[in-house]
Participant: 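I'd like to ask you about the structure that follows.
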Amino acid sequence: MMTRVRFAPSPTGLLHVGNVRTALFNWLVAKKQRGSFILRVEDTDRERSESRFEEQLIDDLRWLGLDWDEGIGKGGAFGPYRQTERFELYQRFARQLLAEGRAYYCFCTPEQLEADRRAQQAAGGPIHYSGRCRTVDPDEACRRVEGGEAATIRLRIRPGSVHQHDLVFGDIVVETSEIGDFVLLRSDGSAQYNFACVIDDALMRISHVIRGEGHLSNTPRQLLLYESLGWEPPAYAHLSTILGPDGTKLSKRHGATSIAEFREAGYLPEALLNYLSLLGWSPTEEKGEILTREQIIEDFDLGRVQLSPATFDFDKLNWVNRTHLRELSSQALLSLALPYLIDARVLPATAVSSAQSAWAERLLVLSANYVDKLSDLTRVIPEILGFAPDCDLKNPESAAILAQPTAVEVITAFREALPTDDRPLTFDDYRDAVLGVKERTGIKGKLLFHPIRVAVTGRSSGPELDRLIPLIEEGSRLGLPFPLIGVRDRVDAAIRAIGESGDEEEE
RNA sequence: GGCCCCAUCGUCUAGAGGACUAGGACGCCGGCCUCUCACGCCGGUAACACGGGUUCGAAUCCCGUUGGGGCUACCA
């Protein structure tokens, strides 16, 4: 049998990492079995569903690379794929069940139902529909409905038990006495979730229903529906919930949880997917945990999915992202980082010259080791390139280095050793200057390099100087929006600043 | 309340009765590399929720307790 799986989100909010993990596992099964992945939108809750969420959802899925073979935005032989467009279908099958006596009209008012629940609660047994309208004569019920009386349609639950087999949770048996005659069609004619879901899954020939654990208890209801309809149910696999760091269900208050936020923060889609694949599933050990989509597909197995809920860990996600980031070529990195570079005013918003982009590519190679995600660039790059002698030199680490007895001597000698003409310093210029200082002063190692670093960058730490200095030099002549001053000016400013603060101390 | 599901280092997990002195990864700590930070490499820390069984033998099977989660809607 052809493997057909589906992802069926409700467009009632932004796509969430928990939903994406469900989508991912469906997608993995489809890819692995060379089956079809179907995108269906469950928008029967008209109050909360919005078309902008549907658009965003499609956008997010595309960005993630979770491509679907059939469904919204794609078409297919089993459409429509939006539940609000499938109303007649639900009506038809509800009428069929009604005609067969497997379902019945219910005229109970919300007040009555509420009173029933309260009474059952007090009695201490299961709380569900009392079955009051079960025995209403069908002909009379039809007359009342035709007369305009509001009615829902409920499924008549048979006695006995329901056996469900779950691909991850195993076998579960539930007594139908625990299940009330639930609503199929609401009084406004719209389909209730379980009903729409079953009709759609069956009609769309879904072979495996892979969804969140929250639906585990809905499954017996759906199985009963398949039984009433005389249809063969699909295979089921339920996925445990993703929790926030405090052990409660992951939600907005745990920080970024929507895909849109992760995208904006500069996480790589392949990294996010890789991390999500590790929640509740584990690859065969030898390959490690950093995997490409293809490797995950190859290795994936629903049978090895964890039953207990997993906690979302931003630290590990960051590690996965960092690792994927490092595997990118510098060109790929540049094209992905461009918006962030523009945002940090490192590059102009328009008309980036080829010299500027070649320079930016080298800058990114130096910066990449300092970021977890691309948006970190907007903080890290100004730290690397920025130079404000007045305040930078006063920070404790820099000040400590400048306080070394030989610091001023090294800096002055370094300045004098720099070529006197105006051309940009190259790596060789820098190396020769350092060698010159070393020879003249006899100072080496930390005592030599630290003061130079502080004089050039204002900071006690950062990327290797022999790569940073040529980069600063070239950058300073590129007409960038970022105020990048050349190395000679930096050292001059540093010497001035040291002199002034020295004067102050003498006063 | 009733029913269902879950339970291994702080976190993600390996583990399907003896190969477990419980393995890996993130984090954390330490070392190496190095002008510095970061990267990288090497090492270390740390767990079978609890109580009963079953068995020659239990992380693994059974029961209970505790703790989490879900369903019990004219939400999905």
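Chain naming here is simple, since letters A, B, ... match the order of the sequence lines and numbering starts at 1 in each.
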Participant: Give one of base, sugar-phosphate or nothing for A/Thr152, where a contact means two heavy atoms less than 4.0 Å apart.
Facilitator: base
Participant: Start with the C-alpha gap between A/Asp429 and A/Thr426, add the side-chain angles, then the distance that decides, and say whether side-chain hydrogen bond (donor to acceptor under 3.5 Å, both in side chains) holds.
Facilitator: CA-CA 5 Å; A/Asp429 294 327; A/Thr426 62; 3.1 Å; yes
Participant: Taking the six-membered ring where the residue is Trp, are the ring centres of A/Trp68 and A/Phe7 under 6.0 Å apart?
Facilitator: no
Participant: A/Thr323: what forms a side-chain hydrogen bond (donor to acceptor under 3.5 Å, both in side chains) with it, not counting sequence neighbours?
Facilitator: none
Participant: How is A/Tyr193 classified with respect to the nucleic acid when contacts are heavy atoms under 4.0 Å: base, sugar-phosphate, or nothing?
Facilitator: base
Participant: Looking for any heavy atom pair under 4.0 Å, which part of the strands does A/Thr44 touch: base, sugar-phosphate only, or nothing?
Facilitator: sugar-phosphate
Participant: Quick one: A/Ile469 CD1 to B/U36 P, roughly how many Å, whole number?
Facilitator: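 Value for this atom pair: 16 Å.
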Participant: Between the side chains of A/Asp201 and A/Arg6, is the shortest nitrogen-to-carboxylate-oxygen separation below 4.0 Å, so that they form an ion pair?
Facilitator: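 Salt bridge between A/Arg6 and A/Asp201, a charged N being under 4.0 Å from a carboxylate O: yes.
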Participant: Answer yes or no: side-chain N or O of A/Tyr275 and base N or O of B/C12 forming a donor-acceptor pair under 3.5 Å.
Facilitator: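 Result: no qualifying N/O pair found.
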Participant: Take atom CD of A/Glu213 and atom P of B/G68, then tell me their distance rounded to the nearest Å.
Facilitator: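 These atoms are roughly 15 Å apart.
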Participant: How many Å lie between CZ on A/Arg21 and C1' on B/C12, as a whole number?
Facilitator: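 To the nearest whole Å, that distance equals 12 Å.
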Participant: By nearest nucleotide on RNA chain B, pick out whichever of A/Leu243 and A/Ala123 is the more 5' one.
Facilitator: A/Ala123
Participant: Looking at the side chain of A/Asp315, which of B/C4, B/G27, B/U72 is the nearest nucleotide?
Facilitator: B/G27
Participant: When all nucleic acid strands are considered with a 4.0 Å heavy-atom cut-off, which category describes A/Arg459: base, sugar-phosphate, or nothing?
Facilitator: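 Touches nothing.
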Participant: Using a cut-off of less than 4.0 Å, is there contact between a side-chain N or O of A/Gln164 and OP1 or OP2 of B/C4?
Facilitator: no
Participant: On the side chain of A/Ser240, is there an atom forming a donor-acceptor pair with the base of B/C6 - under 3.5 Å, no angle test?
Facilitator: no
Participant: Just checking A/Tyr193 against A/His215, ring centres under 6.0 Å apart?
Facilitator: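 Yes, they do, as the ring centres are separated by less than 6.0 Å.
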Participant: Quick one: does A/Glu289 reach the base of B/G24 with a side-chain donor-acceptor pair under 3.5 Å?
Facilitator: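 A donor-acceptor contact between them is present.
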Participant: Any strand is fair game: report the nucleotide pairing with B/A19 by Watson-Crick or G-U wobble, both distances under 3.5 Å, or none.
Facilitator: none
Participant: With a non-hydrogen cut-off below 4.0 angstrom, is A/Ser282 in contact with a base, only sugar-phosphate, or nothing?
Facilitator: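 Sugar-phosphate contact only - A/Ser282 comes under 4.0 Å of backbone atoms but never of a base.
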Participant: Does the pair A/Arg52/A/Glu54 count as a salt bridge with the N-to-O cut at 4.0 Å?
Facilitator: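 A/Glu54 and A/Arg52: not salt-bridged.
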Participant: Say you pick atom P in B/A46 and the same atom in B/G30; how far apart are they, in whole Å?
Facilitator: 16 Å
Participant: Work out how far the P atom of B/C4 is from that of B/G64, and round it to whole angstrom.
Facilitator: 11 Å
Participant: Taking the side chain of A/Arg186 as heavy atoms from C-beta outward, which of B/U72, B/A76, B/U36 is closest to it?
Facilitator: B/A76
Participant: What contact category does A/Gln121 fall into here, base, sugar-phosphate, or nothing, at under 4.0 angstrom with non-hydrogen atoms?
Facilitator: nothing
Participant: If each of A/Arg48 and A/Arg326 is mapped to the nucleotide of RNA chain B with the nearest heavy atom, which maps nearer the 5' terminus, i.e. the 5' end?
Facilitator: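 Its nearest nucleotide being more 5', the pick is A/Arg326.
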Participant: Taking CZ from A/Phe449 and C1' from B/C37, how many angstroms apart are they, rounded to a whole number?
Facilitator: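 Computing the A/Phe449:CZ to B/C37:C1' distance gives 16 Å.
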Participant: So, is A/Thr311 close to the B/C12 phosphate, meaning a side-chain N or O under 4.0 Å from OP1 or OP2?
Facilitator: yes
Participant: In whole angstrom, give the distance that lies between atom CG of A/Asp313 and atom P of B/C28.
Facilitator: 11 Å
Participant: Would A/Glu416 and A/Arg440 pass as an ion pair if we require N to O under 4.0 Å?
Facilitator: yes
Participant: What string of B, S and - do you get for nucleotides 45-51 of chain B, 5' to 3', if B is base contact, S is sugar-phosphate-only contact and - is no contact with any protein heavy atom under 4.0 Å?
Facilitator: -------
Participant: Salt bridge or not for A/Arg156 and A/Asp181, using N-O below 4.0 Å?
Facilitator: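 Salt bridge between A/Arg156 and A/Asp181, a charged N being under 4.0 Å from a carboxylate O: no.
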Participant: Could you tell me how far apart A/Asn194 (CG) and B/A76 (P) are, to the nearest whole angstrom?
Facilitator: 9 Å
Participant: It should be established whether A/Lys446 places a side-chain nitrogen or oxygen under 4.0 Å from OP1 or OP2 of nucleotide B/U36.
Facilitator: yes
Participant: Is A/Arg304 near enough to B/A16 that one of its side-chain N or O atoms lies under 4.0 angstrom from OP1 or OP2?
Facilitator: no
Participant: Are any non-hydrogen side-chain atoms of A/Lys316 and A/Tyr275 less than 4.5 angstrom apart?
Facilitator: yes
Participant: Base, sugar-phosphate, or nothing for A/Gly212, non-hydrogen atoms under 4.0 angstrom?
Facilitator: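 Counting heavy atoms under 4.0 Å across all strands, no contact is made by A/Gly212.
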Participant: I'd like to know whether the aromatic ring centres of A/Phe195 and A/Phe93 sit less than 6.0 Å apart in this structure.
Facilitator: no
Participant: With P as the reference atom in both, quote the distance from B/G2 to B/U21 in angstrom, rounded to an integer.
Facilitator: 42 Å
Participant: Classify the nucleic acid contact of A/Arg211 as base, sugar-phosphate or nothing, counting any heavy atom under 4.0 Å across all strands shown.
Facilitator: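 Since no nucleic acid heavy atom lies under 4.0 Å of A/Arg211, the category is nothing.
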Participant: Evaluate the side-chain proximity of A/Val173 to A/Val162: yes if any heavy-atom separation is below 4.5 Å, no if none is.
Facilitator: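 SC-SC contact between A/Val162 and A/Val173 ruled out.
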Participant: Grab the CZ-P distance between A/Phe195 and B/C75 for me, whole Å please.
Facilitator: 15 Å
Participant: Scan every strand shown for a Watson-Crick or G-U wobble partner of B/G57, both distances under 3.5 Å, and answer none if you come up empty.
Facilitator: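 Pairing partner, where one exists within any strand: none, as none qualifies.
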Participant: If B/A73 has a Watson-Crick or G-U wobble mate with both distances under 3.5 Å, name it; if not, just say none.
Facilitator: none
Participant: Look at the side chain of A/Asn218 against the base of B/A76 and say whether a donor-acceptor pair falls under 3.5 Å; ignore hydrogens and angles.
Facilitator: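 By the distance-only test, yes, there is a pair.
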Participant: Is it true that A/Asp43 and A/Arg48 have a side-chain N and a carboxylate O under 4.0 angstrom from each other?
Facilitator: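 No.
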Participant: On a whole-Å scale, what distance lies between the C1' atoms belonging to B/U65 and B/A22?
Facilitator: 25 Å
Participant: Pairing check on B/C35: which nucleotide meets the Watson-Crick or G-U wobble criteria with it, both distances under 3.5 Å?
Facilitator: none
Participant: List in numerical order all residues of residues 461-468 of chain A for which some heavy atom is under 4.0 Å away from an atom belonging to RNA chain B.
Facilitator: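 Here the set is A/Ser461, A/Gly462, A/Pro463, A/Glu464, A/Leu465.
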Participant: Quote, to the nearest angstrom, the C1' distance that separates B/A47 from B/G52.
Facilitator: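 To the nearest whole Å, 22 Å.
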Participant: Charged N to carboxylate O under 4.0 angstrom, A/Arg431 versus A/Asp428?
Facilitator: yes
Participant: Give a yes/no answer on whether the side chain of A/Ser460 brings an N or O atom under 4.0 Å of OP1 or OP2 in B/U36.
Facilitator: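 Answer no for this pair, as no side-chain N or O of A/Ser460 is under 4.0 Å from OP1 or OP2.
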Participant: Given atom CD1 of A/Ile127 and atom C1' of B/C3, what is their separation to the nearest angstrom?
Facilitator: 11 Å
Participant: Checking all strands, does A/His238 fall into the base, sugar-phosphate, or nothing category for heavy-atom contacts under 4.0 angstrom?
Facilitator: nothing
Participant: I'd like to know if A/Glu88 pairs up with A/Arg92 as an ion pair, taking the criterion as any Lys NZ or Arg NE/NH1/NH2 lying under 4.0 Å from an Asp or Glu carboxylate oxygen.
Facilitator: no
Participant: If we call it a pair only when both distances are under 3.5 Å in a Watson-Crick or G-U wobble match, what pairs with B/C26?
Facilitator: B/G10
Participant: Nearest of B/U36, B/C74, B/A76 to any side-chain atom of A/Ser10?
Facilitator: B/A76
Participant: Who does B/A49 pair with, Watson-Crick or G-U, both distances under 3.5 Å?
Facilitator: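 Looking at the geometry, B/A49 pairs with B/U65.
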